[in-house]
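All heavy atoms count here, side chains included; hydrogens, waters and symmetry mates do not. As the structure is a prediction and not an experimental result, all values here were calculated from the model. Chain letters run A, B, ... following the sequence lines, proteins first and then strands; every chain starts at 1.
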Amino acid sequence: MSEPEHLDLRKFTVLIVDDYAFVSQVIADVLKEIGVGRVLVSENGAHAKEQIRSLNNFENGSNIDVVITDWLMPIMDGRELLQWIRNSQKDTIRFLPVVVCSAYTSGDLVSQTRDLGAHEIIVKPVSASEIARRIQHLVNNPRPFVKSKTYFGPDRRRKNRPFDHKDRRKANPQNMKAHYEQK
Amino acid sequence: MNKSDSEAEIFHRMNKLKPKAGLSAFSKSQGLISQKRIEKAQKAIDDKESLYHEEVEKILGNLQASWKDYCAQKSDNRTNALDRIYNYSNNVKDLTSMYNHTLMEYFAQSLRDFCEKIDVHKKEHQIIVQAHIDAMFVTLHEKLRSDESEKAKELMDAVAVAIEKYS
């Protein structure tokens, strides 16, 4: 196995969406300390939408790379923001990695965020190691995206576990259309 | 299941984050954030605890103002104030859980959860909210941190009695 290398996050832009300024400031401080070059903050989903629209309108070096969003927020919450991102017609928006950060820890929320296409979930209270671990994971292990009639988002099968059900992808390869992004 | 239900597309994307982080997109090596940086970042969180008291005082002030607003409104116009009370108690919960102030966290979560059940037409429910707010102010001003002290248990009991009696 190759030796680990240090990530240089100076060119990264992360958008934090949280209605509570104290928490977004804490997360912003953590991101800056771990080396993230640009940290943006939105106080609700509606404001975040505007920021994403203006920075990710087309692909360039100043795109937002990762969105970290709270779930419960006034005006437009994390769920609506996530749905808007995944329903976007623009590749620079719909494929955005989204990390949900919430104090709710119920199984319902975990499956809800997963089924709406979130990449990761961080349970509040936040810690520096947890935020760093999630960023590392997004950088090192990007997942392909899956589009079906009921879902669009990162492949929900994270691990290569053996399972004893019928694998629909292998059983019906004619139903599976693969897209490979060119360099 | 018909064919269209089982149809799926899979998008294999280039890893754009890895090159942006200074590594090759095709390299098998796992990029790491240095432990030293993570420790410094955790210190940034810990250092902010000095602002805890002032911050909670500020949110409780907002919460109390929203509560006054709620009580002053006719029942049908209370939703907006109730939403604010919900959000402020959720903010207190987020803050207290970060710094392990378990008693305040208990009341904040209890109030937030009660906001989901409150009947805006029921006057008795207001007693429950008031009991939470009073307990939160006592917790703050007497600097009660853990939910295990005698005083903490007394406050928790008082709120529990209000919930049981007026629900």
Side-chain angles (χ1 to χ4, degrees), chain A residues 1-9 11-12 19-20 22-23 25-26 29-35 61 65-66 72-74 95 97 103 124-129 131-133 135-136 138-142 144-151 155 168-169 172 175-183, chain B residues 1 3-25 27-35 37-48 51-52 55-56 58-59 83-84 86-88 90-100 105 109 112:
Chain A
M1 203 166 142
S2 320
E3 282 293 301
E5 293 176 65
H6 282 153
L7 296 176
D8 177 357
L9 304 174
K11 290 183 186 159
F12 270 50
D19 63 311
Y20 185 22
F22 190 92
V23 169
Q25 191 53 56
V26 165
D29 289 349
V30 168
L31 292 170
K32 284 175 194 159
E33 289 293 353
I34 62 173
D65 300 298
V66 177
L72 294 175
M73 287 178 289
F95 290 116
K124 286 180 183 170
V126 295
S127 70
S129 56
I131 294 173
R133 197 168 70 85
I135 299 282
Q136 272 175 195
L138 289 173
V139 174
N140 292 317
N141 311 98
F145 268 65
V146 173
K147 185 183 180 189
S148 71
K149 200 178 172 194
T150 53
Y151 176 74
D155 192 341
R168 283 190 281 143
R169 293 183 192 179
N172 302 305
N175 289 348
M176 176 64 63
K177 192 175 169 191
H179 305 268
Y180 292 89
E181 191 184 16
Q182 298 303 310
K183 208 175 172 183
Chain B
M1 194 190 300
K3 189 171 180 275
S4 68
D5 285 339
S6 62
E7 266 175 10
E9 290 174 70
I10 188 152
F11 296 82
H12 297 276
R13 310 262 307 152
M14 293 275 298
N15 186 345
K16 294 193 170 95
L17 296 183
K18 228 170 173 179
K20 213 169 180 178
L23 307 180
S24 157
S27 127
K28 288 214 166 81
S29 70
Q30 296 279 301
L32 287 180
I33 294 165
S34 83
Q35 193 53 36
R37 275 189 179 273
I38 295 172
E39 282 163 17
K40 251 182 105 184
Q42 185 58 44
K43 192 173 177 303
I45 298 181
D46 298 342
D47 285 351
K48 276 208 153 56
L51 304 171
Y52 171 87
E55 185 62 25
V56 176
K58 193 175 85 188
I59 315 173
D83 283 348
R84 277 183 277 136
Y86 180 92
N87 283 320
Y88 288 134
N90 194 43
N91 291 165
V92 176
K93 192 204 170 296
D94 284 353
L95 180 64
T96 51
S97 67
M98 200 176 327
Y99 296 115
N100 210 22
E105 186 186 355
Q109 179 162 358
R112 184 195 69 186

* **Any A:Leu7 side-chain heavy atom under 4.5 Å of B:Leu23 side chain** => yes
* Examine whether an atom of B:Tyr99 lies under 4.5 Å from a heavy atom of chain A, and if so say whether it belongs to the side chain, the backbone or both; otherwise answer neither. => side chain
* Option that, when pairs with chain B are counted at under 4.5 Å, heavy atom only, ranks first among A:Ile34, A:Val26, A:Asp19 -> A:Ile34
* Asked: Should B:Met98 and A:Val23 count as side-chain neighbours, where that means a heavy-atom distance under 4.5 Å?
  -> yes
* Asked: For the candidates B:Gln42, B:Lys18, B:Lys20, which exhibits the highest count of non-hydrogen atom pairs separated by less than 4.5 Å from chain A?
  -> B:Lys20
* Structure fact -> From the list B:Ser34, B:Gly22, B:Ala25, the residue making the most non-hydrogen contacts under 4.5 Å with chain A is B:Ser34
* To do: Check whether any side-chain heavy atom of A:Ile135 lies under 4.5 Å from a side-chain heavy atom of B:Leu17, and answer yes or no.
  => no
* **Interchain contact, B:Lys43 with chain A, by part (heavy-atom threshold 4.5 Å)** => neither
* To do: Could you tell me the separation between the CG atom of A:Asn141 and the CD atom of B:Gln30, rounded to the nearest 0.5 Å?
  => 5.0 Å
* To do: Can you see which heavy atom on B:Ser97 is nearest to which on A:Pro125, and at what distance?
  => O-CG, 3.3 Å
* How far does CG of B:Asp46 sit from OG of A:Ser127, to the nearest 0.5 angstrom? -> 10.0 Å
* More than 12 heavy atoms of other residues, nucleotides or ligands under 6.0 Å from NZ of A:Lys147: is that the case? -> no
* Asked: B:Lys93 versus A:Tyr20: any side-chain heavy-atom pair under 4.5 Å?
  -> no
* **Under 4.5 Å from any heavy atom of chain B - which part of A:Phe95** => side chain
* Asked: Are any non-hydrogen side-chain atoms of B:Lys48 and A:Gln25 less than 4.5 angstrom apart?
  -> yes
* Would B:Tyr86 and A:Leu72 count as a side-chain contact (heavy atoms from CB on, under 4.5 Å) if you check the C-alpha gap in whole Å, the side-chain angles of each, and the deciding distance to 0.1 Å? -> CA-CA 10 Å; B:Tyr86 180 92; A:Leu72 294 175; 3.3 Å; yes
* Asked: If every non-hydrogen atom of A:Asp29 is compared with every non-hydrogen atom of B:Ala44, which pair is closest and at what distance?
  -> CB-CB, 4.2 Å
* To do: Please determine, among B:Asn87, B:Asn100, B:Asn90, B:Thr96, the option with the most heavy-atom pairs under 4.5 Å with chain A.
  => B:Asn87
* Structure fact -> Heavy-atom nearest pair, B:His12 first then A:Ala178, reads CD2-CB, 4.5 Å
* Checking B:Asn15 side chain against A:Val139 main chain: does a donor-acceptor pair fall under 3.5 Å? -> yes
* Using a cut-off of under 4.5 Å on heavy-atom pairs, state which of A:His179, A:His6, A:Glu33 scores highest against chain B. => A:His179
* Closest non-hydrogen atom pair between A:Pro144 and B:Ile10, with its separation -> CB-CG1, 4.0 Å
